[in-house]
**Student:** 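Right, I'll just put the structure down here and ask away after.
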Amino acid sequence: MRGASNIAPHNAPEPLHLLTRRGRRGPAYHGGVPSEAPADQRVADLLEGLNEPQRAAVVAGDGPLLILAGAGSGKTRVLTHRIAYLVHTQRARAGELLAITFTNKAAAEMRDRVGMLLGHSTRAMWVMTFHSACARMLRVEAPRLGYTRQFTIYDASDSRRLVKRCLDQLDVDPKRFTPGSVAHQISDAKNKLRSADDYARMVGGHFEQTVADAYKLYERELVRMNAMDFDDLLFRMVNVLELFPEVRARYAATFRHVLVDEYQDTNHAQYRLLQLIAGDHKNLAVVGDDAQSIYSFRGADIRNILDFQDDFPDATVVKLEQNYRSTQTILSASNALIAHNRAQMHKTLWTDQGEGDPVVVRELEDEHAEARYVLGEVQRLVDEGVSLAEIACFYRTNAQSRVLEDALVRAEVPYQVIGGTKFYERAEVKDAISYLTLLANPADAISFTRVANSPKRGIGQTSLSRVLAHAENTGITVWEAADDPAGVPGLATAAIRSLTRFMSTMNDLRERVADDVPMGDLLEAVLSETGYLDALEAERTIEAQGRIENLGELVAVAREFDAAAPPEQDRLDVFLQQTALQSDTDDRKDDAGMVTLMTLHNAKGLEYPIVYMIGCEEGVFPHSRSIDEGTLEEERRLCYVGMTRAMRSLTMTHARQRNVFGSRAYGLPSRFLAEIPPDLVDRQGALTGYANGAGADRGSIRPRAMASWASMRADAAAAATDEKSFRLGDDVLHAAFGEGVVTGVEPGGVVVIRFARDGSERKLMAEYAPISKRG
DNA sequence: CGTAAATGTTTTTTT
DNA sequence: AACATTTACG
């Protein structure tokens, strides 16, 4: 009983536990449709216009349901209609539904569409990402694990910073083991639900031992600072559900129907979470497409979807194969591409919308020519009456957008970039948020160090370390330590004075938090009273002006929050939670007259009439790192995702050379281009330059053994480096590292060399590195 | 303690 | 090439 009402969502009209025990099957089924006349009509409307499998998925009864939804097969439609159907037939109340999406944007969209289908508010419904749902539950349950409700959520850069501090403390050479790689390793472990102790038990090598030590320390620091990283949101929630059966029972009873979108991209922690919540009633409907699994680098485990039928032998399985988005040509090309992958569930997309135009493949001289080409096409299309909003351009890495942006800006073509440098990751925005975070969570040392000397107040590195160390040694929070600077050993008098002034401002601000001041006002007070805004204004640069504008935007966000959220006790906590999990991807505008630019990853779930995929070159796409790490199939799925976004026109370009890392690099056309049947392709542009000399032989580059691709890449790289060319297997001598052997040759004149001395493998620029051939 | 220069790192993709 | 972090010096 205790705390039962706590699980009410912040904006729910009534506590959830009141809703849970009224499980109803709905008024007598008559062939799956309830008898009340108006509801009857609404149900009929819901099923209107759905094809056979879609309808089957919508009306499927209780129990596990697997919907294998190919690209463009209307899965969002099925999900939203199923939710509305469950409510209309009274099999579920709004408050009994938990619907998980991949992004906040997708969640908002789904809530919207369900709202329109239902014709009433969806506030009681939990439609959100895994992370948001967990954060919301943890706001209530975290005290069970020793956290307060004000715990801070660290993003990737925060946790990297903390990992770095841990590594420093352990005297680890940051060159040998970078904070980034260690953080990634820890994240990986958490996604697999491996605690620091679990990890320590399975270490093999030196690197893993270091990670194990860092992991242990990192966890201790997180708890001490009352903070969780992204992965913890899932991990800790699983902990709660496993440790407290009564809590698990409560959520399992509350969420009587669980629906999950993009199931192919769930990781083990998410899988476990679903088991814990839906394991009893098994009313778990998942939608996904194994061919679109593109997040294994973030711990996504494709087995979750491949094994669903093993996990739930009685699962209803529905396949959606009719595509409503693309032309048959685009689908055939995509099908042919993905057929090169081994593990997959068989599925063949088809459409009745006609053949359409061939896929255009275009070779350009370099990235600038590529950008000019896309720009020219955009202008041509606009002349033909196409709206800019119908056009999208995808690329593999964010850095690739720059050249394209230059071209568009110069030609004054409006565009929007999705993702990239994120609003909430900008230094000034993070600073502002860190101030607020520190006000909410006085133990948050990461926020404290970020903010204490920004703007400059004469609290330098040494003073900060002393305060931090003092807090750690005496077991008090950083806030308490800083609030009594005289008590910190070894602090200079100047530093004491600065800290005293700083903390008096902070104490002031904190009182206003207690007074429940609106977020907009609080944020403005923070920015002006800490002198942050003054410092920026004093700079008098265009850059600083931009920052001020960004902060203005943040204040606007806060005011919006004030207007939308009902006044409540822990306003600041809710605001911080929301912003911590917010990403720019969520700010896409559909209706605006702009070309849309984004990474292929961001393109998932979207569709555009006209699509350009640029940078289709070996090393760029597939990315060289994925070639090294043997994750080519995932790259191919990414290519598949990109191609299947296109409705009627798909163009893929590759450049003969481009600037990578500052220097010129030569690239061969992506192998993916060769995997599209030639008769579906219209190759344009210079046909020379294909590594196999088959320029005139359109599309004849067939996938062969890896070795042949590797040597072709080696040839291209060799051409780029003139005299100083290295081949696989060459013995070399390095001025500093000694003897080694060439284990790889990459575009851009990069050679990979394994050194005999310590067995390390390093990537070097052949042209500049002090290496010479031996023997 | 702060600034400026030098040095190193980064570029995969993101909740 | 762009950015972050470290180092040298005032």
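Heavy-atom basis, side chains included; hydrogens, waters and symmetry copies ignored. Letters A, B, ... are given to chains in the order of the sequence lines, protein chains preceding strands, and every chain is numbered from 1.
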**Student:** Just distance, no hydrogens or angles: give the donor-acceptor pairs under 3.5 Å from side chains in residues 294-303 of chain A, sequence neighbours left out.
**Tutor:**
from: Ser296(A); atom 1: OG; to: Glu634(A); atom 2: OE1; distance (Å): 2.8
from: Ser296(A); atom 1: OG; to: Glu634(A); atom 2: OE2; distance (Å): 3.2
from: Asp301(A); atom 1: OD1; to: Arg303(A); atom 2: N; distance (Å): 3.0
from: Asp301(A); atom 1: OD1; to: Arg303(A); atom 2: NE; distance (Å): 3.1
from: Asp301(A); atom 1: OD2; to: Arg303(A); atom 2: NE; distance (Å): 3.3
from: Asp301(A); atom 1: OD2; to: Arg303(A); atom 2: NH2; distance (Å): 2.8

**Student:** Answer yes or no: does a side-chain N or O of Thr599(A) lie under 4.0 Å from OP1 or OP2 of dT14(B)?
**Tutor:**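 Yes, because at least one side-chain N or O of Thr599(A) sits under 4.0 Å from OP1 or OP2 of dT14(B).
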
**Student:** Check nucleotides 4-10 of chain C for protein N or O atoms closer than 3.5 Å to its own N or O atoms and list the pairs.
**Tutor:**
from: dT6(C); atom 1: OP1; to: Lys164(A); atom 2: NZ; distance (Å): 3.0

**Student:** Quick one: is dT13(B) close enough that its OP1 or OP2 comes under 4.0 Å of any side-chain N or O from Asn398(A)?
**Tutor:**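 Yes, within the criterion.
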
**Student:** For Arg645(A), check side-chain hydrogen bond (donor to acceptor under 3.5 Å, both in side chains) against everything at least two apart and list the hits.
**Tutor:**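 Checked Arg645(A) against side-chain hydrogen bond (donor to acceptor under 3.5 Å, both in side chains); matches are Gln292(A).
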
**Student:** Without decimals, in angstroms, what is the distance between Leu638(A) CG and dT14(B) P?
**Tutor:**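 It is 10 Å, rounded to the nearest whole Å.
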
**Student:** Please report the distance, rounded to the nearest Å, between CZ in Arg396(A) and P in dT10(B).
**Tutor:**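 Atom CZ in Arg396(A) sits about 17 Å away from atom P in dT10(B).
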
**Student:** With sequence neighbours left out, what residues match Ser181(A) under side chain to side chain contact (heavy atoms under 4.5 Å, CB included)?
**Tutor:**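 If we apply the side chain to side chain contact (heavy atoms under 4.5 Å, CB included) test to Ser181(A), skipping adjacent residues, the hits are Thr178(A), Phe207(A).
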
**Student:** Which pairs, with at least one residue in residues 448-457 of chain A and sequence neighbours excluded, count as a salt bridge (Lys or Arg N to Asp or Glu O under 4.0 Å)?
**Tutor:**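 Output for this query lists Asp431(A)-Arg450(A).
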
**Student:** Tyr154(A) OH to dT15(B) C1': how many Å, rounded?
**Tutor:**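 The distance from OH of Tyr154(A) to C1' of dT15(B) comes to 18 Å, rounded to the nearest Å.
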
**Student:** Are dT13(B) and Phe297(A) stacked, with the base six-membered ring and the side-chain ring centres under 5.5 Å apart and planes under 30°?
**Tutor:**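 One would call Phe297(A) stacked on the dT13(B) base.
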
**Student:** Could you tell me how far dT7(B) sits from dT11(B) if I compare only their P atoms? Round to whole Å.
**Tutor:**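 Going atom to atom, P in each nucleotide, I get 22 Å.
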
**Student:** Quick one: is dT14(B) close enough that its OP1 or OP2 comes under 4.0 Å of any side-chain N or O from Asn602(A)?
**Tutor:**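 The answer is yes; a side-chain N or O of Asn602(A) sits under 4.0 Å from OP1 or OP2.
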
**Student:** Of all the choices, dT10(B), dT11(B), dT15(B), which nucleotide is nearest to the side chain of Phe230(A) once you look at every atom?
**Tutor:**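 For Phe230(A), the side-chain atoms sit closest to dT15(B).
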
**Student:** In whole angstrom, what separates Asp265(A)'s CG from dT14(B)'s C1'?
**Tutor:**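 Computing the Asp265(A):CG to dT14(B):C1' distance gives 11 Å.
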
**Student:** Check the side chains of Gln657(A) and Asp366(A) for a donor-acceptor pair under 3.5 angstrom, ignoring hydrogens and angles.
**Tutor:**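 On atom types as modelled, these side chains do not qualify, holding no pair under 3.5 Å.
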
**Student:** Report the residues that fulfil ring-ring contact (aromatic ring centres under 6.0 Å, His included) with Phe151(A), sequence neighbours left out, ordered by chain and then residue number.
**Tutor:**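 With neighbours one apart ignored, the set is empty.
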
